[in-house]
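Presented below is the structure to which this report refers.
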Amino acid sequence: MSMHDDIKSVLITEEELKECVKKLGAQITEDYKDKNLLLVSVLRGSVVFMADLMREIKTPCTIDFMAVSSYGSGTKSSGIVKIEKDLDVNLEGYDILIVEDILDSGNTLFYLKKLLLDRHPTSIKICTLLDKPERRTADITADYSGFTIPDAFAVGYGLDYDEKYRNLPFIGILDEKVYQ
Ligand code: IMP
Ligand code: MG
């Protein structure tokens, strides 16, 4: 039984991901050249994107990680966001860029941005690889976004379904048979 049998179609290829991440990195490099950039990666979905993106950022930066949960093992947001692992750094004096895999309902990032703003960083912005605007319920937009995608469940390049498929090097649409 191969992982690939559960993928209905390829949505974004490895080459397209690489090209997009390069562009985002160049834009962030330009925008943050005189700032004190701290990349905050939201575990675990953004790790692959984070690892590639940070290497395309050519201005000094530091990194930290946070873990939140909003989904359990399903495919629909519960609206409940819980902090599983907090940051280690004090945010004062930093220009924060939150690095996320996907902006879906927006509940997670709405909550997270508010929480981090309360810690008085110099600035705070959001960089998401994928954006599903059709499903947005929270009042939030990304400052940097890689791809706008339709309302389907995406996996790969860090994104999971029930903790699986994160290691696929491309982004695919999961076959409904897997979760129905
Ligand atoms: P939101 O709070 O609804 O915006 O959801 C954000 C989180 O839900 C993301 O960080 C993902 O972990 C998960 N998520 C939402 N849509 C997808 C998807 O299509 N594939 C995999 N994970 C998803
Ligand atoms: Mg997830």
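Remember, it's 1-based here, ligands and their atoms both numbered in the order they're listed.
Under 4.0 angstrom from ligand 1, there are no non-hydrogen atoms of V155. Only side-chain heavy atoms of K132 come within less than 4.0 Å of ligand 1; its backbone N, CA, C and O stay farther off. In L159, the part holding a heavy atom less than 4.0 Å from any atom of ligand 1 is the side chain. Here S46 has no heavy atoms under 4.0 Å from ligand 1, in either its backbone or its side chain.
No side-chain donor from either of Y157 and D101 sits under 3.5 Å from a side-chain acceptor of the other.
The contact set between ligand 1 and T108, taken as ligand atoms under 4.0 Å from a residue heavy atom, comprises 1 (P), 2 (O), 5 (O), 6 (C). Residue contact check: N107 has heavy atoms under 4.0 Å from atoms 2 (O), 4 (O) of ligand 1. Every atom of ligand 1 with a heavy atom of D160 under 4.0 Å away is listed here by number and element: 21 (C), 22 (N). Applying the 4.0 Å criterion to heavy atoms of E100 picks out, from ligand 1, the atoms 10 (O). Counting atoms of ligand 1 from 1 in the listed order, those under 4.0 Å from a heavy atom of D101 are 9 (C), 10 (O), 11 (C), 12 (O).
Of the candidates G45, S69, S105, S105 brings a heavy atom nearest to atom 3 (O) of ligand 1. When the heavy atoms of V42, L43, I102 are ranked by distance to atom 11 (C) of ligand 1, first place goes to I102.
Residue L174 places no heavy atom under 4.0 Å from ligand 1. Distances from ligand 1 to the non-hydrogen atoms of G106 include at least one value under 4.0 Å. The closest approach between any non-hydrogen atom of A152 and ligand 1 is below 4.0 Å.
No salt bridge links D5 with K8; every basic N to acidic carboxylate O contact stays at or beyond 4.0 Å. Contact check on E16 versus K18 returns no salt bridge, with no Lys/Arg side-chain nitrogen under 4.0 Å from an Asp/Glu carboxylate oxygen. Ion pair R136/D131 flagged as a salt bridge, since at least one NZ, NE, NH1 or NH2 atom sits closer than 4.0 Å to an Asp/Glu carboxylate oxygen. Salt bridge present: R44 and E163 bring a charged side-chain N and a carboxylate O closer than 4.0 Å.
Annotation: side chain to side chain donor-acceptor pair (under 3.5 Å) contacts of E14 (sequence neighbours excluded): none.
Y94 pairs in a side chain to side chain contact (heavy atoms under 4.5 Å, CB included) with only one of the listed residues (V89, T122, L116), which is V89. L130 pairs in a side chain to side chain contact (heavy atoms under 4.5 Å, CB included) with only one of the listed residues (T148, I171, L103), which is I171.
Listed here is the closest heavy atom pair of I28 and C127: CD1-SG, 4.2 Å.
Taking the six-membered ring where the residue is Trp, H4 and F170 present tilted rings, their angle falling between 30° and 60°.
For A154, a nitrogen or oxygen atom sits less than 3.5 Å from a nitrogen or oxygen atom of ligand 1, counting backbone and side chain alike.
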